[in-house]
Amino acid sequence: MAIERTLSIIKPDAVAKNVIGEIESRFEKAGLKIVEMQMKQLSDEEAQGFYAEHKERPFFGDLVSFMTSGPVVVQVLEGENAIMANRDLMGATNPQEAAEGTIRRDFAESIDANAVHGSDSAASAEREIAYFFGK
Ligand code: IDP
């Protein structure tokens, strides 16, 4: 299996709930290494650029407001099959549909405040890592 890197974000709701450590622990226990990490407040421009693919969606304004509502942890996870491994740990976008034991099921409230982001493909991972951390 390939060693991959993926972009992960701990979103403002999870930071506000004080569960950064619990979420990181899930990544570490699953064998994913945190190889870059930064806590930051996203600007409107950064959040809009990051989610540019959703710009025409009806929820885009709410998504940008939410992502800029407080600090986030932006990080790069590395490990075997990291992109899909992280998506499996996260669970479905809507926490109500997320499997038991997933991060979203355990820590998220709603589809808009859903605790974590994770790249969904190799192409997204490359773009998203470069977006925050450069090459
Ligand atoms: P993902 O985060 O599971 O990859 P995407 O479809 O890429 O899901 O959507 C990006 C983010 O946009 C989601 O994590 C969620 O916060 C928000 N979002 C997606 N669909 C909806 C919706 O129908 N209503 C409100 N927010 C949504």
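Start at 1 and go down the list; that is how both ligands and their atoms are numbered. It should be emphasised that the depicted structure is a prediction, and the values quoted were computed from it without experimental measurement. The figures here come from the full heavy-atom set of this structure, side chains too, leaving out hydrogens, waters and symmetry mates.
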**Student:** In sequence, state the C-alpha distance, the side-chain angles, and the governing distance for Glu109 and Lys17, and then conclude on salt bridge (Lys or Arg N to Asp or Glu O under 4.0 Å).
**Tutor:** CA-CA 11 Å; Glu109 300 303 327; Lys17 268 191 188 162; 2.8 Å; yes
**Student:** Considering Met90, His117, Arg104, which one's heavy-atom position lies nearest to atom 2 (O) of ligand 1?
**Tutor:**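 It is Arg104 whose heavy atom sits nearest to atom 2 (O) of ligand 1.
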**Student:** Looking at every non-hydrogen atom in both residues, tell me the closest pair between Thr6 and Ala125 and how far apart they are.
**Tutor:** CA-CB, 4.1 Å
**Student:** Please find the pair of heavy atoms, one from Leu89 and one from Phe27, that lie closest to each other, and give the distance.
**Tutor:** CD1-CD2, 3.7 Å
**Student:** Give me the nearest non-hydrogen protein atom to atom 6 (O) of ligand 1 as residue plus atom name, then the distance to 0.1 Å.
**Tutor:** His54 CE1, 4.0 Å
**Student:** In terms of heavy-atom contacts, does NZ of Lys40 have more than 12 from other residues, nucleotides or ligands at under 6.0 Å?
**Tutor:**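 Enclosed.
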**Student:** Looking only at protein heavy atoms, which one is nearest to atom 19 (C) of ligand 1, and how far off is it?
**Tutor:** Phe59 CZ, 3.4 Å
**Student:** Of all the non-hydrogen atoms in the protein, which one sits nearest to atom 11 (C) of ligand 1, and at what distance?
**Tutor:** Leu63 CD1, 4.0 Å
**Student:** N/O of Ile111 under 3.5 Å from N/O of ligand 1, yes or no?
**Tutor:** yes
**Student:** Evaluate whether atom CD of Glu126 has more than 12 neighbouring non-hydrogen atoms of other residues, nucleotides or ligands under 6.0 angstrom away.
**Tutor:** no
**Student:** Under 4.0 Å from any heavy atom of Asp112, which atoms of ligand 1 are there?
**Tutor:**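 So the atoms of ligand 1 that pass are 16 (O), 25 (C).
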**Student:** Non-hydrogen atoms of Arg57 versus ligand 1: any pair closer than 4.0 Å?
**Tutor:** no
**Student:** With a 4.0 Å cut-off on heavy atoms, does Arg87 reach ligand 1?
**Tutor:**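 Arg87: in contact with ligand 1 (<4.0 Å).
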**Student:** Go through ligand 1 atom by atom and flag the ones less than 4.0 Å from a non-hydrogen atom of Thr93.
**Tutor:**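 The atoms of ligand 1 under 4.0 Å from a heavy atom of Thr93 are 1 (P), 3 (O), 8 (O), 13 (C), 14 (O).
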**Student:** Taking all heavy atoms of Arg104 and all of Lys11, pick out the closest pair and write down the distance.
**Tutor:**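 Of all heavy-atom pairs spanning Arg104 and Lys11, the closest is NH2-NZ, 4.4 Å.
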**Student:** Enumerate the atoms of ligand 1 whose separation from the nearest heavy atom of Asn114 is less than 4.0 angstrom.
**Tutor:** 13 (C), 14 (O), 15 (C), 16 (O)
**Student:** At the 4.0 Å heavy-atom cut-off, does Asp120 count as touching ligand 1?
**Tutor:**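 Per 4.0 Å heavy-atom rule, Asp120 does not contact ligand 1.
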**Student:** Counting both backbone and side chain atoms, is some N or O of Lys11 under 3.5 Å from an N or O of ligand 1?
**Tutor:** yes
**Student:** For the residue pair Phe50 and His117, does the interplanar ring angle fall in the parallel (under 30°), tilted (30 to 60°) or perpendicular (over 60°) class?
**Tutor:** perpendicular
**Student:** Taking all non-hydrogen atoms of both residues, which atom of Leu7 and which atom of Ile9 are closest, and how far apart?
**Tutor:** CD2-CG1, 4.1 Å
